[in-house]
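Let me begin by presenting the structure, written as structure tokens, before commenting on it.
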Amino acid sequence: MARVSQEHLDARRRQILDGAARCFARNGFHATSMQDVLAEVGLSAGAVYRYFRGKEELIGAIATEAFAGIRSAFEEASRATPPPTPDVLLGAVLRLFLEERIEGADRQAFARLIVQVWTETLRNEQLAGTLSEGYHGMRVAWTRLVTAYRENGLLRADVPSDHVARTLIATAQGFIAQQALFGDVSVEVLEDGLRGLMSMSMPEGDVPIG
């Protein structure tokens, strides 16, 4: 019997993950059965269960992959000199996940899939661990990036890097939530809004509140 190449195995795994993601995005995790996934990808149960033992493993794999991709983009950006500003970086990462990867109306469905992953962590301890690990990784990557901003003279020094990092992560999460709930939210809106906020300055003589 001919040995199956690793390239073939990777392509089949990709096929299954993409098909499962489409099903979950359309109907939600709980309304989607493994039979729905099998029909979507056009494979037998044996072929799919060779890679994933069930729906929970599929959900976990999709979540892990999403976090890894975003974290990688942030880490790469932190190595640039000077590092890209938040509007450029967040715009590039979100455009990759919500526009280049997904076409048209499916972008809202994909954003809903991400929100479903977040809510699913409230009942799934294993997935909650994946989310926590991914969030910690993004905080570390963003903190390095914020440190790079400071070292390049782009950011004031009196605010902890982790505080800025968590705020930027919250900005990305809020944008995804808007896309999931309302749709038709272009990445350009986020970029323009961030540029506007970044352009603010305190008038001379005014004292910040707090």
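These numbers come from a predicted model, not from an experiment.
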Approximate separation, where rounding is to 0.5 Å, of T130 OG1 and N124 CG: 8.0 Å
Nearest-0.5 Å distance that lies between atom CD in E120 and atom NE2 in H30: 4.0 Å
Heavy-atom side-chain proximity of T171 to L190 below 4.5 angstrom: yes
Find the distance between CG (L194) and OG1 (T85) and round it off to the nearest 0.5 Å. 9.0 Å
In the structure I gave you, are the side-chain heavy atoms of S44 and Y49 within less than 4.5 Å of one another anywhere? no
State the OG-CG distance between S186 and L94, to the nearest 0.5 angstrom. 11.5 Å
Heavy atoms from other residues, nucleotides or ligands near CZ of R123 exceed 12 (cutoff 6.0 Å): yes
Could you tell me whether the side chain of Q173 reaches within less than 4.5 Å of the side chain of W118, counting heavy atoms only? yes
Within 6.0 angstrom of E133 CD, more than 12 heavy atoms from elsewhere: no
Could you state the interatomic distance from CD1 (I59) to CG (L17), rounded to the nearest 0.5 Å? 12.0 Å
Between R53 and L58, is the side-chain contact (heavy atoms from CB on, under 4.5 Å) condition met? List the steps. CA-CA 8 Å; R53 289 179 293 181; L58 278 168; over 6 Å; no
Non-hydrogen side-chain atoms of V88 and E191 separated by less than 4.5 Å: no
Do you reckon V115 sits in the same ILVMFWY cluster as V187, going by side-chain contacts under 4.5 Å, direct or chained? yes
Could you check whether any side-chain heavy atom of L197 comes within less than 4.5 Å of a side-chain heavy atom of M200, counting everything from C-beta outward? yes
To the nearest 0.5 Å, atom CG of L127 lies from atom OG1 of T119 at 9.0 Å
Can you tell me if Q15 uses its side chain to pair, donor with acceptor, with the backbone of V41 under 3.5 Å? yes
Got a salt bridge between E188 and R195, using NZ or NE/NH1/NH2 to carboxylate O under 4.0 Å? no
Between K55 and D36, is there a side-chain heavy-atom distance shorter than 4.5 Å? no
Could you tell me whether R14 and D10 make a salt bridge, using a distance below 4.0 angstrom between a side-chain N and a carboxylate O? no
Within the structure provided, determine whether F175 and L90 are in side-chain contact (heavy-atom separation under 4.5 Å). no
Got more than 12 heavy atoms from elsewhere within 6.0 Å of CZ, R13? no
Taking only Lys NZ, Arg NE, NH1 and NH2, and the carboxylate oxygens of Asp or Glu, determine whether R26 and E40 approach each other closer than 4.0 Å. yes
List the steps and the verdict of side-chain contact (heavy atoms from CB on, under 4.5 Å) for R112 and Q179. CA-CA 8 Å; R112 287 175 175 171; Q179 182 69 267; over 6 Å; no
Apply the test side-chain contact (heavy atoms from CB on, under 4.5 Å) to residues V117 and F29: give CA-CA distance (whole Å), side-chain angles for both, the deciding distance (0.1 Å), then the verdict. CA-CA 9 Å; V117 170; F29 290 141; 3.8 Å; yes
Are V146 and L154 grouped together when hydrophobic residues (ILVMFWY) are joined by side-chain heavy atoms under 4.5 angstrom apart? yes
Determine, using the 4.5 Å side-chain heavy-atom cutoff (strictly less than), whether L145 and V140 are members of one ILVMFWY cluster. no
Does any part of the side chain of M34, heavy atoms only, come nearer than 4.5 Å to the side chain of F52, both counted from C-beta? no
Please walk me through it: do R166 and D162 pass side-chain contact (heavy atoms from CB on, under 4.5 Å)? CA-CA 6 Å; R166 293 175 69 172; D162 181 61; 3.3 Å; yes
Just wondering, more than 12 heavy atoms not from E56 lying within 6.0 Å of its CD? yes
